[in-house]
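Some notes on the structure that comes next.
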Amino acid sequence: MKPKAYSYIRMSTDVQLKGDSLRRQSEESRRYADENDLDLVEDFRLEDIGVSAFHGKNVAQGALGEFLVLCEQQIIQAGSYLIVESLDRISRQNPQVATSLFLQILGAGINIVTLTDRHVYRAGSSDFTDIIVSVVIMSRAYEESRTKSLRVGAAWENKRRNIHDKKLTQVAPIWLRLSADRTAFETVPERVAVLRWIFEEADQGKGSLQISRSLNQQGVPTFAPSKGWYESYVSKVLTNRAVLGEFQPHRYIDGKRVRSGEPIPNYFPAIVTREQFERIQVGRAVRRLRGAGRKGQNNINLFQGVARCGYCSARMMIVNKGTGPKGGVYLRCDRARRSADCSASGWPLDHFEGAFLWFVEELDLSAVVEGPAGEEVRKTLEGRAAIISSDIGAQKKMRERAFDLLGEPSSATAFVRVKIDDASMKIDELERNLASIREAIMVTAVGQKRPFEEVRRMIKEIGRWQTADGDSRSRVADWIKRNVNELLIFSDGLDERDPVADTKPRQFSVALTSGEFRTVQISGNDPTVASYSVHANNDQWVLTEDSKLSIHREAT
């Protein structure tokens, strides 16, 4: 039988892979095997693409390491051949480690062939010259890799030190371009205008799909050659911190692009404010958690992912029964709809929406519906709250990393404990500031006195399920997702003694992120008239019976 031959190909980056190197090495191995009467095993891919030999990962984690294990288990027979382009493909570690690996392969009975000089290093050979030659070749490979690493690293560190005098690279976000003297980035006006429009739309509670559709409908040119705007690209834009002016340096390690150091602030021109950016991230996170609602301009469920059945805690969903005598659009428990362990009836959607929008006065309809002009103060406060929430998250991650370090024997315990205490103090301070801002948001809403007829008109307009303005519904739905912790709906009321469904007073309870809580019971057809309502704010309770007025509030 012919001796088996195995071709080992290693490339530290994908740059060589994009060229002709992979094909060339494979063909050279095949040619050598044919010329020397060897049986080349081609169904066993011995390749380490993008794996470094300088750090020894091709042995510790790569295909070469697996090959050595198979040799030790004698699955790969002694007398086989390992074909490589040169010895530096096997290892670029320091000479002692590299030589040990070289002798380990020979000690397993495997012959090593280098294609560059067609030399065969034979297992069991007593030729001392082979060992000397291998040490020299691999020592030179190690020094070349080490020198290259140091030079590249030093060059980039020098660029980082002078980052504000001269930019690291001409690579920049697609809405910017590098100035001729390489000292600053300039904006591309038409792209920046589109970018700011995207953020404004997202700030109104619109998702990436809605925004991409609008851009395509308006025929807005894309930033790069593409068949229209995609939801995924809009999402990347909305989460790219480069719009804040931040630059995150990266470097390639073992062929992979990884972060290098902390983000550099004020590197790019800021396109949007951090308040708006963080506010949008909060909204996107809430929509991911609770769902984005129905797609389309006129079919936005205000309570998607928020409303729950008060009897079984199942989600409430929209049910359209058509236009017949018993038709209409209802909000109904999903389990009851499927006759699964719940028998709750539906609550007419327009009636429930009217009751919610009327009694939950923390939702300042006039400000939300009118958009940015009517809610500037509130949005500023919400932006500040979003920034603080983001900072709290960062401090908590830092504290968690510090806790992890306590378990490592090399960690300086006293130093780590100081970091934990420092992070904890900052978290406490940030949380106090956050509570203060949330209180200010509620006070702002309380101060917005709304005329009775005006609110009734807005509720009526918002409640038009098929013809309502999509932007208004989007903004209201976004507010609900951000500010409502829990919404329980008792469509048949809590009094089970009354067997007649039409006379049962419907009831809902809502808890807000600000700490506000209220329960409202409505028995008639007018959603703004309550049989009774209970409202709590900072442990102060107010009970209102047979009220045609909005719920009283204890503003603090």
Side-chain angles (χ1 to χ4, degrees), residues 155-208 211-212 214-215 218-226 229-251 257-285 371-373 375-377 379-391 393-394:
W156 277 100
E157 287 304 321
N158 184 57
K159 285 186 175 183
R160 287 187 178 92
R161 283 194 296 270
N162 299 290
I163 197 167
H164 292 293
D165 298 325
K166 191 173 184 179
K167 299 304 179 183
L168 285 174
T169 172
Q170 66 178 357
V171 177
I174 202 164
W175 56 86
L176 302 174
R177 54 177 169 243
L178 186 63
S179 62
D181 58 4
R182 297 180 64 90
T183 61
F185 287 102
E186 302 169 344
T187 59
V188 181
E190 60 273 18
R191 290 179 177 175
V192 168
V194 173
L195 191 70
R196 286 176 175 155
W197 182 87
I198 290 173
F199 274 85
E200 286 297 330
E201 292 293 286
D203 208 8
Q204 299 302 319
K206 294 185 179 180
S208 299
I211 295 172
S212 60
S214 295
L215 290 167
Q218 296 173 39
V220 177
T222 57
F223 291 166
S226 174
W229 292 86
Y230 289 88
E231 179 184 5
S232 58
Y233 184 79
V234 172
S235 292
K236 288 180 180 179
V237 167
L238 290 171
T239 55
N240 189 347
R241 296 185 70 87
V243 297
L244 300 175
E246 288 185 11
F247 170 60
Q248 175 61 65
H250 288 77
R251 65 175 60 189
R257 189 170 180 263
V258 297
R259 291 186 175 187
S260 176
E262 295 297 318
I264 300 170
N266 305 318
Y267 181 79
F268 299 121
I271 305 301
V272 301
T273 65
R274 191 183 172 198
E275 285 86 353
Q276 185 182 51
F277 182 86
E278 298 293 359
R279 190 165 57 232
I280 289 170
Q281 306 317 306
V282 170
R284 287 172 58 83
E375 56 180 359
E376 193 63 37
V377 175
K379 285 218 165 188
T380 299
L381 290 172
E382 286 187 352
R384 288 168 57 191
I387 289 176
I388 293 175
S389 296
S390 176
D391 292 343

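Computation of the quantities below employed the complete heavy-atom set of this structure, encompassing side-chain atoms and omitting hydrogens, waters and symmetry-equivalent molecules.
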To the nearest 0.5 Å, tell me how far [X] [atom1] sits from [Y] [atom2].
X      : Y      : atom1 : atom2 : answer
Asn240 : Ile174 : CG    : CD1   : 11.5 Å
Gln276 : Gln281 : CD    : CD    : 10.5 Å
Glu200 : Ile280 : CD    : CD1   : 7.5 Å

Are any of the side-chain heavy atoms of [X] and [Y] separated by less than 4.5 Å?
X      : Y      : answer
Leu215 : Ile198 : yes
Pro221 : Glu190 : no
Ile211 : Trp229 : no
Phe277 : Ser390 : no
Phe223 : Val194 : yes
Leu244 : Val272 : yes

Work out which heavy atom in [X] is nearest to a heavy atom in [Y]; give both atom names and the distance.
X      : Y      : result
Ala184 : Leu178 : O-CD1, 3.4 Å
Leu238 : Ala202 : CD2-CB, 3.8 Å
Arg279 : Ala386 : N-CB, 3.5 Å
Ala224 : Thr222 : O-OG1, 2.6 Å
Arg284 : Thr239 : NE-CG2, 3.9 Å

- Query: Just by modelled atom types, is the Leu176 backbone N or O under 3.5 Å from a matching donor or acceptor in the Arg191 side chain?
  - Reply: no
- Message: Once salt bridge (charged side-chain N to carboxylate O under 4.0 Å, His left out) is applied, do any residues pair with Arg241, and if so which ones, sequence neighbours excluded?
- Response: Glu246, Glu278
- Who passes salt bridge (charged side-chain N to carboxylate O under 4.0 Å, His left out) against Glu275, sequence neighbours left out? none
- Note on the structure: In Phe247, Phe268, Trp175, the residue satisfying side-chain contact (heavy atoms from CB on, under 4.5 Å) with Phe185 is Phe268
